[in-house]
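In listed order, ligands and their atoms are each counted from 1.
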Amino acid sequence: MIKKTPQTVILLNFGCPDIQQLARAIRANHIYTMVMPWTTPLARVMQEEPVGLILCRDPRAQEHPREKEAFQKAGVPILCLEDGSLDAQAALAFCREECGCQGLWRMEAFLEEAVQEVRQQVGDKKVVLGLSGGVDSSVAAALIHRAIGKQLTCVFVNHGLLRLGEPEQVQSVFRDAFDMNLVYVDASDRFLDKLLGVTEPERKRKIIGAEFIQVFAEAAAKVDAPFLGQGSIYPDFLESIPLDGDPKGVIKSHHNVGGLPEKMDFQLVEPLARLFKDEVREVGRLLGLPPVMIDRQPFPGPSLGVRCVGEVRREYLRMLREADAIFTEELRASGWYAKTWQAFAAFLPVKSVGMHEGQRRYGYTIALRAIQTSDAVTAQVVHLPWDLLEKVACRIPQEVEGISRVVFDCTPKPPATIEWE
Ligand code: XMP
């Protein structure tokens, strides 16, 4: 996963919560950094041939004995930063002045290297990749395709819970524009039949997740590829490394595609494993992916399944899709799409009385949500302009058959969660 890159500075993490932000700030200045937990053996650290080490610790924490070891044996310049003073300027000055970093890390060069690396790893074998249409899997697909062309087959599963136009868009970009081998599996009926009558959110998630693995595994088996391409990115790995060697310290476990059964025995191809999200977007732009695919907001795995509150029915999904598309269209037109981390519609199976073309209409409810966050652990509500909200609130009941009322969810996280379910 990790390879040698010239002029690497290593951040050794002694329990510093802001270390990812620091790494990103240094990389934004074209200096390549890697984060490693303090438990990494020094020999492993030195394998990367770093030109400097930055020790990042929590000032509440006592100096750790391993710090001394690193100091004494590394033989490269060392900077010690404490959490409260995680000063990117100081770190950058250290990299440039003491480590001699020239700031030569460029995405163009990364892309070239990554393409070569994929070719080398895969040889003349085949790769299968589960394409969700999200940023990471799309960029991984485009990169692997640049490396090995038709040896890559992407599998796109339509589980019937996608947003308006999504299946068409993914096919038009990847099959038509990029000329990729794309297997499109319309499994909508399979998923939606299984979900009928199910109202409990976690149960819905389990059904969608299990069905997804099954459908993907069936399609992947037909490709008969020894390699599985994945869009795992650097934070996926960082968050799965226990800081102190204790697995309880894991923030998020890194799994391959939705937890594919291990017996499938794929070798993984993960060309984005060294990149942060903003770097993945830059690579996507270099690869020629359209902005609409690169700049999109995060979308949950269970998709509209957790935005259709309670039971998921085809008719509810139709209303939700149309309403969400109107909201997104207005957000984009007003420039607010780029200024929100996530903004979406949720369907509420609550009926109320409304008026449509002079007639009484007893219809359902759409909730609008717009939030800003840096890590999705807490989130603030975005104060969208009232004019914009009012326009969307008028358009949805006018244009979406079956909706009579629109509400705005003004609850931060906590006490609410971002999704309704
Ligand atoms: P919550 O609702 O927990 O959401 O505040 C936090 C972030 O996670 C996304 N989310 C999910 N993503 N599978 C996913 O892949 C899920 O089951 C899931 N539930 C929530 C949500 O969209 C938000 O970005």
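The closest side-chain heavy-atom distance from V306 to W420 is not below 4.5 Å.
A donor-acceptor contact closer than 3.5 angstrom links the side chains of E270 and Q230. Counted by atom type alone, Q21 and R24 present zero donor-acceptor pairs between their side chains at under 3.5 Å.
Counting heavy-atom neighbours within 6.0 Å of K391 NZ, excluding the residue itself, gives a total of 12 or less.
The aromatic rings of Y184 and F156 lie parallel to each other, their planes meeting at an angle below 30°, with 60° marking the opposite boundary. Ring pair F347/Y364 is tilted by interplanar angle, where 30° to 60° counts as tilted.
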Between ligand 1 and the protein, find all N/O pairs closer than 3.5 Å and give the distance for each.
| residue | atom | partner | partner atom | Å |
| --- | --- | --- | --- | --- |
| ligand 1 | 2 (O) | I418 | N | 3.3 |
| ligand 1 | 2 (O) | E419 | N | 2.8 |
| ligand 1 | 5 (O) | K413 | NZ | 2.6 |
| ligand 1 | 5 (O) | I418 | N | 2.7 |
| ligand 1 | 15 (O) | G301 | N | 2.9 |
| ligand 1 | 17 (O) | R205 | NE | 2.6 |
| ligand 1 | 19 (N) | R205 | NH2 | 2.9 |
| ligand 1 | 22 (O) | Q342 | NE2 | 2.9 |
| ligand 1 | 22 (O) | E419 | OE2 | 2.5 |
| ligand 1 | 24 (O) | Q342 | OE1 | 2.8 |
| ligand 1 | 24 (O) | Q342 | NE2 | 3.3 |

